[in-house]
Amino acid sequence: MKKTITVLFLLFIIAGCSKSIFPSDLKQVDVYEMASFSETVDESLRTFTNKDDIGAFTNAFETAKKESGTADMADPHYKVILGDKTYFMWLPEEAGNMYGSIMDVTDTHTLYVLSRPSTDELVGVLKK
């Protein structure tokens, strides 16, 4: 009995620690191409509703690593809206040995770097 309670307690802690910053019932991801930090490209909105595509964005953004130092960036390539959170995103044109990056629009002094696999996956999603 004591062993069962210990196992259940550990599972509860693990489940609590792995909580996503995005809602589990996220139904769509909206992506705009950007002309500048303050202007989207006209009629560039793409809405992704496929669960695998949504998962690619949420996983990439949740696993991005904070970059130290001050971020001084060129205009973003994309604005990505995931539920109530909005990010600027920079991606290479082709998959390969490059890293993508994101920045929360409410904190433009902090940059997060995407992993290479996540970068490649998002480049693929956006090419569909």
Side-chain angles (χ1 to χ4, degrees):
M1 180 70 170
K2 185 176 179 181
K3 194 176 208 178
T4 302
I5 292 172
T6 302
V7 170
L8 289 174
F9 179 72
L10 288 174
L11 288 174
F12 177 74
I13 289 175
I14 291 169
C17 291
S18 63
K19 185 176 179 187
S20 173
I21 61 172
F22 303 108
S24 60
D25 62 344
L26 191 64
K27 301 262 188 273
Q28 69 184 51
V29 175
D30 292 328
V31 179
Y32 294 87
E33 289 184 45
M34 298 297 292
S36 69
F37 269 96
S38 60
E39 183 181 355
T40 60
V41 173
D42 289 339
E43 300 182 30
S44 66
L45 172 63
R46 292 185 60 196
T47 299
F48 296 90
T49 57
N50 176 288
K51 285 186 182 212
D52 291 336
D53 295 341
I54 293 169
F57 281 98
T58 58
N59 180 60
F61 286 33
E62 287 177 335
T63 60
K65 302 294 182 205
K66 184 177 180 179
E67 188 71 19
S68 60
T70 304
D72 184 19
M73 301 292 293
D75 289 330
H77 300 133
Y78 303 97
K79 179 167 72 172
V80 180
I81 302 171
L82 297 123
D84 62 352
K85 298 189 179 288
T86 304
Y87 298 87
F88 292 126
M89 181 172 69
W90 293 261
L91 286 179
E93 290 184 26
E94 298 291 328
N97 289 329
M98 302 285 290
Y99 293 95
S101 54
I102 59 171
M103 181 183 287
D104 187 321
V105 299
T106 64
D107 179 13
T108 57
H109 297 291
T110 306
L111 184 71
Y112 296 85
V113 177
L114 305 174
S115 70
R116 281 188 191 166
S118 290
T119 299
D120 291 347
E121 187 172 20
L122 292 180
V123 167
V125 167
L126 291 170
K127 284 191 176 226
K128 288 182 182 178

How far does [atom1] of [X] sit from [atom2] of [Y], to the nearest 0.5 angstrom?
X: F22; Y: N59; atom1: CZ; atom2: CG; value: 10.0 Å
X: M34; Y: E39; atom1: CE; atom2: CD; value: 8.0 Å
X: T110; Y: K66; atom1: OG1; atom2: NZ; value: 5.0 Å
X: T58; Y: I21; atom1: OG1; atom2: CD1; value: 9.0 Å

Hey, mind stepping through N97 and R116 against side chain to side chain contact (heavy atoms under 4.5 Å, CB included) and telling me if it holds?
CA-CA 7 Å; N97 289 329; R116 281 188 191 166; 3.9 Å; yes
Working for side chain to side chain contact (heavy atoms under 4.5 Å, CB included), residues L82 and E62
CA-CA 11 Å; L82 297 123; E62 287 177 335; over 6 Å; no
Members sharing Y32's hydrophobic cluster, built from side-chain contacts under 4.5 Å between Ile, Leu, Val, Met, Phe, Trp and Tyr, are L45, I81
Remaining members of the apolar cluster that contains V41, side-chain heavy atoms under 4.5 Å:
none
With [X] via side chain to side chain donor-acceptor pair (under 3.5 Å) - residues at least two apart:
X: N50; value: none
X: R46; value: none
X: K51; value: none

Same apolar cluster (I L V M F W Y, side chains within < 4.5 Å links), [X]/[Y]:
X: L111; Y: Y99; answer: no
X: M98; Y: V123; answer: no
X: V113; Y: L122; answer: no
X: M103; Y: V105; answer: yes

Determine the minimum heavy-atom distance between [X] and [Y], stating which atoms define it.
X: D75; Y: S36; answer: CG-CA, 3.6 Å
X: L114; Y: A64; answer: CD2-CB, 3.8 Å
X: T119; Y: P92; answer: CG2-CD, 3.5 Å
X: Q28; Y: I54; answer: N-CD1, 3.7 Å
X: L91; Y: H77; answer: N-ND1, 2.9 Å

Counting distance only, does the side-chain N/O of D30 pair as donor-acceptor with the main-chain N or O of V80 below 3.5 Å?
no
Hey, can you tell me if F88 and F37 have their rings parallel, tilted or perpendicular (30° and 60° cut-offs)?
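Ring orientation of F88 relative to F37: perpendicular.
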Could you walk me through whether Y78 and I102 pass the side chain to side chain contact (heavy atoms under 4.5 Å, CB included) test, one step at a time?
CA-CA 9 Å; Y78 303 97; I102 59 171; over 6 Å; no
Can you pull out every side chain to side chain donor-acceptor pair (under 3.5 Å) where at least one residue sits in residues 83-96? Sequence neighbours excluded, please.
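Sorted pair list: E94-K127.
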